[in-house]
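In listed order, ligands and their atoms are each counted from 1. Since the structure is predicted, the reported quantities are computational estimates derived from the model, not experimental observations.
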Amino acid sequence: MKIKDKLKIKHPAISFEFFPPKSPENENILYETMDSLKGMNPDYASVTFGALGTTSDKSLEYAIEVTKHLDTSVMMHLTCVGFDNDTVDNILSELKDNNIENILALRGDIPADKVDLVKSRKFQYASDLVTYIKNKDEEAFCIGGACYPEKHPESVSMDKDIENLKIKVDTGVDFLVTQLFFDNDMFYRFRDKIAQEGINLPIVAGIMPITNYKQIVRFTDMCSTSIPQKVIDRIADKSDEETAKIGIDIAVEQSNNLIKNGVDGLHYYTLNKSVSTLKVLERLKF
Ligand SMILES: Cc1cc2nc3c(=O)[nH]c(=O)nc-3n(C[C@H](O)[C@H](O)[C@H](O)COP(=O)(O)OP(=O)(O)OC[C@H]3O[C@@H](n4cnc5c(N)ncnc54)[C@H](O)[C@@H]3O)c2cc1C
């Protein structure tokens, strides 16, 4: 089923994100995770895609596995930067052959040593990919796009980023998924601001339950997300075990506040582990 249709009937839609594991041991962990999350009846799940197609085959393989294991719709992430038409065509036809009809259309990050290669190629921005897919077959895929409540790190300003987001949305995006964030008020301001600019699509909030202090600092640094001081105060100087428990409390409070304020979807960055996400979902108030 297309995610845009799920988002019309389920408020909020619940989804999980997985990444393709790189070793047999991690593959087992992913299957165990899916087994334990299955009972939560997610509305869909997504599988990430390595920049420049580094996990292309694996992403597709696991997207198929996730559909089977969770018995739900799947969305494959697809980064486009550096790709040519043939590469995109092959991926789209594999998705079609496997009945995968949801794509998160992304630019991807450009490795410093590949900037020249990327600049010579057709796909420079996620909007180029959305345009290409829509021109090929308007109805075949439901397309999500990424958005950044704290602005994309390369953007000079929030206004410019929203201007670019509007271009992307107008090429045919069906719904948006946010970068992970911890400050709901900032998200609500972003939601209001993009609505004022004429972006009226469902916005799915990206939630990452904190499990480990060093790890969350590394992730948030990587994606330029801020951690509010009040969150840092709760997890600083705590053991990993205590941090994971507090991380669940924080994600529950954040999710329930989002539900109260009419969020369209909650997308949990599981990191292929189930414990925290499961405990958060058990405490949601619909
Ligand atoms: C929910 C989510 C899932 C993700 N999953 C993955 C994944 O699976 N694999 C992966 O490698 N990365 C993933 N990423 C990271 C993402 O690839 C990076 O954040 C990347 O830097 C931007 O991708 P985008 O699709 O948002 O790019 P775009 O929408 O193309 O925007 C990128 C930048 O270019 C600017 N811009 C856009 N259009 C124009 C234009 N026409 N002219 C000038 N400037 C423009 C934007 O303002 C922004 O600063 C994910 C991010 C999110 C939020």
Side-chain angles (χ1 to χ4, degrees), residues 3 13 15-22 44-60 62-63 66 74-83 88 91 100 102-112 114-115 118-119 121-133 143-181 187 190 193-194 197 199 201-208 219-225 264-272:
I3 291 169
S15 53
F16 303 139
E17 180 171 307
F18 304 109
F19 60 85
K22 288 200 178 117
Y44 65 97
S46 83
V47 177
T48 65
F49 191 88
L52 293 175
T54 45
T55 65
S56 178
D57 293 346
K58 291 279 169 204
S59 298
L60 183 68
Y62 285 105
V66 165
V74 75
M75 165 170 81
M76 197 178 90
H77 299 206
L78 176 54
T79 64
C80 66
V81 74
F83 279 2
V88 175
I91 294 172
I100 295 174
N102 300 292
I103 296 174
L104 185 61
L106 296 153
R107 184 196 73 176
D109 285 317
I110 307 165
K114 298 269 182 351
V115 172
V118 161
K119 289 250 178 287
R121 293 285 164 85
K122 169 174 179 161
F123 298 98
Q124 297 287 327
Y125 299 108
S127 54
D128 298 327
L129 179 61
V130 183
T131 305
Y132 187 77
I133 298 172
I143 302 183
C147 65
Y148 302 82
E150 295 183 62
K151 89 172 180 63
H152 184 266
E154 290 164 30
S155 255
V156 288
S157 66
M158 182 56 105
D159 285 347
K160 191 68 197 161
D161 203 30
I162 292 177
E163 204 180 290
N164 290 331
L165 180 64
K166 177 86 170 89
I167 295 172
K168 178 162 69 176
V169 164
D170 288 347
T171 56
V173 168
D174 295 301
F175 66 99
L176 294 168
V177 188
T178 74
Q179 183 58 277
L180 72 98
F181 66 91
F187 169 73
F190 173 75
K193 196 163 167 52
I194 66 171
E197 299 304 321
I199 299 173
L201 294 178
I203 310 171
V204 174
I207 308 287
M208 183 177 283
F219 280 148
T220 49
D221 269 0
M222 252 161 37
C223 60
S224 301
T225 290
D264 297 301
L266 294 169
H267 184 68
Y268 291 92
Y269 296 108
T270 67
L271 302 178
N272 290 3

Evaluate the criterion side chain to side chain contact (heavy atoms under 4.5 Å, CB included) for residue pair L165 and L176; output intermediate values, then yes/no. CA-CA 10 Å; L165 180 64; L176 294 168; 3.9 Å; yes
Pair E163 + K160, salt bridge at N-O below 4.0 Å: yes
Mutual orientation of the aromatic rings belonging to Y44 and F175 [parallel < 30°, tilted 30-60°, perpendicular > 60°]: perpendicular
Could you walk me through whether C223 and L180 satisfy the side chain to side chain contact (heavy atoms under 4.5 Å, CB included) test, starting with their C-alpha distance in whole Å, then the side-chain angles of each, then the deciding distance to 0.1 Å, before giving a yes or no? CA-CA 8 Å; C223 60; L180 72 98; 4.1 Å; yes
Using 4.0 Å as the upper bound for N to carboxylate O, is an ion pair formed by R107 and D128? no
Is it the case that the ring center of Y132 lies less than 6.0 angstrom away from the ring center of F123? yes
Could you please provide the protein residues found below 4.0 Å of ligand 1 on a heavy-atom basis, arranged by chain and number? T48, F49, A51, H77, T79, L104, L106, R107, G108, D109, Y125, A126, A146, Y148, H152, S155, D161, N164, K168, V177, T178, Q179, Y269
